[in-house]
Amino acid sequence: MSDKAILQYQDKTFEFPVIKGSENELAIDIKTLRAQSGMITIDPGYKNTGSCESAITFLDGEKGILRYRGYSIEDLAEKASFIEVVYLLIFGELPTKVQLEDFQKDIVAESHVDEEMKKILDGFPKSAHPMGVLASLTSALISFNPNSVNVSSDKEMYAAIVRIVAKFPVLVAWTMRKKKGLPLDYGDDSLSYVENIHKMMFKKPSQEYTKNKVIIDALDKLLILHADHEQNCSTSTVRIVGSSHAGLFASLSAGISALWGPLHGGANQAVLEMLEAIEADGGDTKKYMAKAKDKNDPFRLMGFGHRVYKNFDPRAKIIKKAADEVLNNLGIDDPILAIAKGLEKEALEDQYFVDRKLYPNVDFYSGIIYRALGIPTEMFTVMFALGRLPGWIAQWKEMRENNEPIGRPRQVYVGENFRDFIPVENR
Ligand code: SDX
């Protein structure tokens with residue numbers, strides 16, 4: 001007998017099936033709620049509402065667990081490469097050696113971006129925020145890849161996926177070089193996916209590109225840690241835009257814009273700016289803690305708190321450890337890291353944060369590593385988008401393959417009741 005939930009309202013009783021996920025999560029299936037009762041639910045921010053059943057990523061916010069397709073984030077960050085995780089998230093399994101080689105070959109074959117796209121990049125002022133440039137360039141890619149819009153077969157879906165996995169890093173590199181006033185650089189087919197990203201971003205016109213294993217490993221790990229996170233704001237955006245059967249690139253462009261917000265992916269930039277402000281303020285963390293707790297002050301401790309994690313964000317733990325390793329290996333002594341650790345210690349001992357279960361999230365330490373790698377602060381959220389690309393693709397693909405209906409929430413109207421029109425001369 002399947003589980004049921006009963007809703008009692010006035011003299012009526014309504015029954016709804018309860019579904020159980022593979023990790024024993026329970027959900028009340030209210031697909032028939034309005035038909036049965038004439039009522040809807042309301043849940044600002046969807047804090048208690050599931051939008052879909054998904055087989056891609058599992059989070060346990062209470063236990064601080066994160067798994068991609070069943071593999072723990074700790075294992076993947078330690079043992080996998082980012083391109084393997086890209087394949088895992090999108091196609092559901094870790095690739096065999098042959099599958100990985102074929103996937104990489106297909107990506108290399110699609111890694112050029114139409115030269116005409118540079119005219120669009122040239123149209124932006126140098127002061128443009130890289131996230132706005134990236135969202136625009138991603139949308140502009142549609143015009144140069146029209147057959148990646150309607151993906152009605154597995155073959156078309158695979159071709160569109162390979163195209164964006166191959167071209168997105170070029171757009172990311174272009175946004176950075178535009179910002180830094182450097183000439184655009186082409187990729188090198190002999191390099192690995194992440195080495196190529198680093199080369200396109202950093203190779204100086206006057207020098208040969210030299211690999212740095214510490215930097216490449218750090219970048220690879222950071223991209224893995226950002227690769228997917230179930231139904232977060234930007235992924236839900238990608239899904240709902242895709243649910244209207246808008247193309248993959250258009251859906252990704254919308255996701256980039258959602259990620260840009262400082263409450264979401266934009267937090268990594270806001271964290272660094274906050275830490276730099278604290279440093280400029282003589283390291284006075286107590287002042288910023290007080291501001292974060294002051295309800296009359298809009299300031300929030302950026303990089304702290306999470307909708308799902310009410311325990312440590314497992315990614316933050318891994319990134320914090322990596323920050324120490326990378327800065328040591330690169331011989332960098334960044335006072336900002338000490339300020340971040342001091343702030344974390346204070347917050348974890350502060351009743352306000354303890355009561356609200358506010359822990360460091362993925363954005364709290366990531367910027368310290370990006371900074372050590374020479375990435376400008378305004379590019380931090382672009383790096384988040386680069387990592388999140390495979391997750392967005394995997395979630396979009398799952399939504400389309402499951403033939404999910406167009407996303408169209410209802411509302412409770414609280415405006416004016418009917419009233420007669422008043423001609424302007426009588427108003
Ligand atoms: C990401 O969803 C995901 O999975 C996202 C992400 C991903 O991988 O995709 O993990 C990436 O976006 C991480 C979060 C990055 N954002 C920040 O670091 C910005 C700072 N954090 C917050 O703004 C906040 O914690 C959110 C947005 C992350 C979560 O907000 P919620 O779940 O809506 O919680 P809330 O705003 O209702 O806060 C609950 C309470 C409130 O206090 P009370 O009204 O109960 O007194 O906690 C307080 C908030 O004021 N609070 C904070 C705080 N975060 C929450 N107070 C001070 N500083 C903070 N950072």
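Numbering of residues begins at 1 and proceeds along the displayed sequence. Indexing begins at 1, ligand by ligand and atom by atom, following the structure's order.
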Is there a ring pair (Phe, Tyr, Trp, His ring centres under 6.0 Å) between His112 and Tyr186? Walk through the geometry before answering. CA-CA 8 Å; His112 60 281; Tyr186 289 96; over 10 Å; no
Charged N to carboxylate O below 4.0 Å: is that the case for [X] and [Y]?
X: Lys293; Y: Asp350; answer: yes
X: Glu101; Y: Lys105; answer: no
X: Lys20; Y: Asp3; answer: no
X: Asp324; Y: Lys341; answer: yes
X: Glu93; Y: Arg69; answer: no
X: Lys357; Y: Glu62; answer: no

Protein contact of [atom] - nearest heavy atom, named by residue and atom, plus distance:
atom: atom 14 (C) of ligand 1; result: Asn361 ND2, 3.5 Å
atom: atom 51 (N) of ligand 1; result: Leu358 CD1, 3.8 Å
atom: atom 6 (C) of ligand 1; result: His306 NE2, 3.6 Å
atom: atom 21 (N) of ligand 1; result: Phe304 O, 2.9 Å

Please could you name the atoms of ligand 1 that [X] approaches to less than 4.0 Å, counting only its heavy atoms?
X: Asn232; answer: 2 (O), 3 (C), 4 (O), 5 (C), 9 (O)
X: Gly305; answer: 25 (O), 28 (C)
X: Ala292; answer: 57 (C)
X: Lys295; answer: 42 (O), 43 (P), 44 (O), 46 (O), 50 (O)
X: Ala267; answer: 15 (C), 16 (N), 17 (C), 18 (O)

Return yes when Tyr352 approaches ligand 1 closer than 4.0 angstrom through a heavy atom, no otherwise. yes
Tell me whether ligand 1 is touched by Gly303 - counting only heavy atoms on the residue side and a distance under 4.0 Å.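 Under 4.0 Å: yes for Gly303.
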Options [options], ranked by nearest heavy atom to [atom], top entry:
atom: atom 50 (O) of ligand 1; options: Arg300, His229, Lys293, Gln231; value: Arg300
atom: atom 8 (O) of ligand 1; options: His226, Arg315, Lys291, Arg307; value: Arg315
atom: atom 9 (O) of ligand 1; options: Met302, Arg388, Lys47; value: Arg388

Hey, are Thr32 and Gln36 close enough side-chain-wise for a donor-acceptor pair under 3.5 Å?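 On atom types as modelled, these side chains qualify, holding a pair under 3.5 Å.
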Exercise: identify the closest heavy-atom pair between Ala160 and Val151: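 Smallest heavy-atom distance, with atoms named: CB-CG1, 3.7 Å.
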Could you tell me whether some N/O pair between Leu263 and ligand 1 is separated by less than 3.5 angstrom?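 By distance alone, the answer is yes.
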Do Arg356's NZ or CZ and the ring of Tyr352 fall within the cation-pi criteria of under 6.0 Å and 45°? yes
So, for atom 48 (C) of ligand 1, does the protein have a heavy atom nearer than 4.0 Å?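 Under the 4.0 Å cut-off, atom 48 (C) of ligand 1 does have protein heavy-atom neighbours.
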